[in-house]
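See structure below.
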Amino acid sequence: MRLVFMGTPEFAVASLQALLDAGHEIAAVYTRMDTPKNRGMKLLPPPVKVLAQARDIPVFQPKNLRGEETQAQLRALAPDAVIVAAYGRLLPQAVLDVPRFGCLNVHASLLPKYRGAAPINACILNGETESGVTIMQMDAGLDTGDMLLPAALPILPDEPFGSLHDRLAKLGGETIVRALALLERGELKAVPQPKIGASYAPMIRSEDCKLSFDLPAKRVACAVRAYDPQPGAFALLGETKMKLFGASVAEDEGSLGAPGQILAVDKSGVCVACGRGAVRVAQVQGAGGKRMPADAFFRGHQSLLNEIFR
RNA sequence: CGCGGGGUAGAGCAGUCCGGUAGCUCGUCGGGCUCAUAACCCGGAGGUCAUGUGGUUCAAAUCCCAUCCCCGCAA
C-alpha cells in the first residue's frame, strides 16, 4: 500500500520500521521539527527522521498541518492511508479526508482508557496489570476515533515504563501491519469506543515526578516505575535532589518508620519507609551524578543515610 | 556561545579553599571465629591523584595555563 507516515519519537520508529519491513511503500514521512536538546542545546532530529533519512524517504517537518500549502502537498503524495504514531500534532479534518482509507493511529493503550499524550506512564502509575495498543480510525477528536484492531499485553511484575514502552512499540508495529493486511482484504471492522471507561492521560509535568512517601508503598513503587528511566521520579534527600529507579514493594503493611526514612541499604537497594509499608529502590541518581546501584551511592554518601526523603 | 558537576585503588566518595607522609566505606586476596553465613575479628595486595614529562615552588592531588574525556539539569 502507498502510505504516508507521521510520527516523532522512539515509539513511532518501531511502527515505521515494521511498515518498511512489511514492504509497504512509504511515500513520505512527516515528523516534528528538529528541536534544541541536550548539553549545548544542539539541534537534534527526531528519531523517526533519522530512520527515514537512512532509507531515503522524503521527510517533511511542517510546523502544523493547517496550512493550505501543506495540505496540498499531502494530497499530491496521494497516499492510500496515513499512518500516525505519536506524531504530536493534531490532524485537521482536511487532512483526515485526504487518503482513501483515512488516517490510522497507533495508540499505546487499550482504548478507551488512557487517551492522550502519556498513556504508558499513566497505565503504570495506576498499577494496571494489562496494557496494549489500539489501531484507531482517526477523527477530529483527541484519540476518540473508532477502534479497528486492539492488541493486549500483560504488564510484568515491577515492570518500569521503559520496558513496557519498548514492548508496546514493538507490538504497535506488528499490529499496524496486521491491521493494514486486514484493511486491504476489507476485513477491518470499525467499532466505536465505549462511552464508559474512557480516561485521559495528560502530558507529564516535572512536578508529577515528585514522590510523596506519605502514600502507601504500593503507590510509591508505581510512581517510581511510571517515570523509569525517563524522566525519573525524584525526592529530596537533605538538600540533594535524588532520582529513584527500580522500585518494588518491600513491605505492604504497617508503619516501619517516618515516611521517607531510610530503613536499610544492601545489595538489593535502599529500603525506604512509606505512609504504609516500605519500598525497595534498586538504583538512585544524585544531583549531577549518574544512575547507580543504591548501595554504591550510599557508600560514598554515608552522611545522607540519616536524612529523610521528602 | 543555555546552566551546572566531575576525572584520586576494581566500585562509590573524602582530601583541593588554607601546597608539606594517599584517606573512608565496600569489594578482592590470605588467615581466624562459627554447626553455618551475605555476619564478626585479624592481616595483605592494589594509586605515574585524566593528560602535558607545561608553569609557579624547596615542595603540587592541592595554585596557574592548556588539552582530552565523562555526567547532570533544562528542553
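Sequence lines set the chain letters: A, B, ... in the order given, protein chains first and strands last, and positions in each chain run from 1.
Counting heavy atoms of neighbouring residues, nucleotides and ligands inside a 6.0 Å radius, atom CD of A:Glu69 does not exceed 12 of them. Few gaps surround CZ on A:Arg2; more than 12 heavy atoms of other groups in view lie less than 6.0 Å from it.
Here the separation of B:C49 from B:A22, taken at their P atoms, is 10 Å to the nearest Å. Separating the P atom of B:U21 from that of B:C29 is a span of 33 Å, rounded to the nearest Å. B:C26 and B:C40 have their C1' atoms separated by 16 Å, given to the nearest Å. Annotation: B:U67 and B:A74 have their C1' atoms spaced 28 Å apart (nearest Å). A gap of 50 Å separates the C1' atoms of B:C3 and B:U37, to the nearest Å. Separating the P atom of B:C63 from that of B:C70 is a span of 24 Å, rounded to the nearest Å. A gap of 34 Å separates the C1' atoms of B:C73 and B:G54, to the nearest Å. The separation of B:C64 from B:C69, taken at their P atoms, amounts to 23 Å, rounded to a whole angstrom.
A:Lys290 places its NZ atom 11 Å from the C1' atom of B:C69, with the value rounded to the nearest Å. Between A:Lys267 atom NZ and B:A39 atom C1' the separation is 11 Å, expressed in whole Å. Separating the CE atom of A:Met41 from the C1' atom of B:G2 is a distance of 5 Å, rounded to the nearest angstrom. A:Leu305 has its CG atom 14 Å from the P atom of B:C13, to the nearest Å. In this structure, the CZ atom of A:Arg291 is 20 Å from the C1' atom of B:G6, given to the nearest Å. The CG-P distance, from A:Asp295 to B:G12, rounds to 12 Å in whole Å. B:A74 atom C1' lies 13 Å from atom CZ of A:Phe234, rounded to whole Å. Between the P atom of B:C71 and the NZ atom of A:Lys42 lies a distance of 11 Å, rounded to the nearest Å.
Here A:Lys243 lies in heavy-atom contact (under 4.0 Å) with sugar-phosphate atoms only. Within the nucleic acid shown, A:Asn38 comes within 4.0 Å of at least one base atom, counting heavy atoms only.
The side chain of A:Lys37 contributes no N or O atom lying less than 4.0 Å from OP1 or OP2 of B:C73. Between A:Arg39 and the phosphate of B:G2, there is no side-chain N or O to OP1/OP2 separation shorter than 4.0 Å.
Checked against B:A11, B:A38, B:U25, the side chain of A:Gln302 finds its nearest nucleotide in B:U25. Candidate nucleotides B:A74, B:U25, B:G12 were compared by shortest atom distance to the side chain of A:Lys241, and B:A74 ranks first.
Checked by atom type and distance alone, the side chain of A:Lys243 never pairs as donor or acceptor with a backbone atom of A:Pro229 at under 3.5 Å. Under a 3.5 Å cut-off, the side chain of A:Asp228 and the backbone N or O of A:Gly246 do form a donor-acceptor pair. In this structure, the side chain of A:Gln137 engages the main chain of A:Phe101 through a donor-acceptor pair within 3.5 Å.
Counting side-chain heavy-atom gaps under 4.5 Å among Ile, Leu, Val, Met, Phe, Trp and Tyr, the cluster of A:Val265 also holds A:Leu211, A:Phe213, A:Leu215, A:Val220, A:Val224, A:Leu237, A:Met242, A:Leu244, A:Ile262, A:Val270, A:Val272, A:Val279, A:Val281, A:Val284, A:Met292, A:Phe297, A:Phe298, A:Leu304, A:Leu305, A:Phe309.
Using Watson-Crick or G-U wobble geometry with both donor-acceptor distances under 3.5 Å, B:A38 finds no partner in any strand shown. Remark: B:A45 base-pairs with no nucleotide; criterion is Watson-Crick or G-U wobble with both hydrogen-bond distances under 3.5 Å. In this structure, B:G10 forms a base pair with B:C26, meeting either the Watson-Crick or the G-U wobble geometry with both donor-acceptor distances under 3.5 Å. Of the nucleotides present, none pairs with B:U62 by Watson-Crick or G-U wobble criteria with both distances under 3.5 Å.
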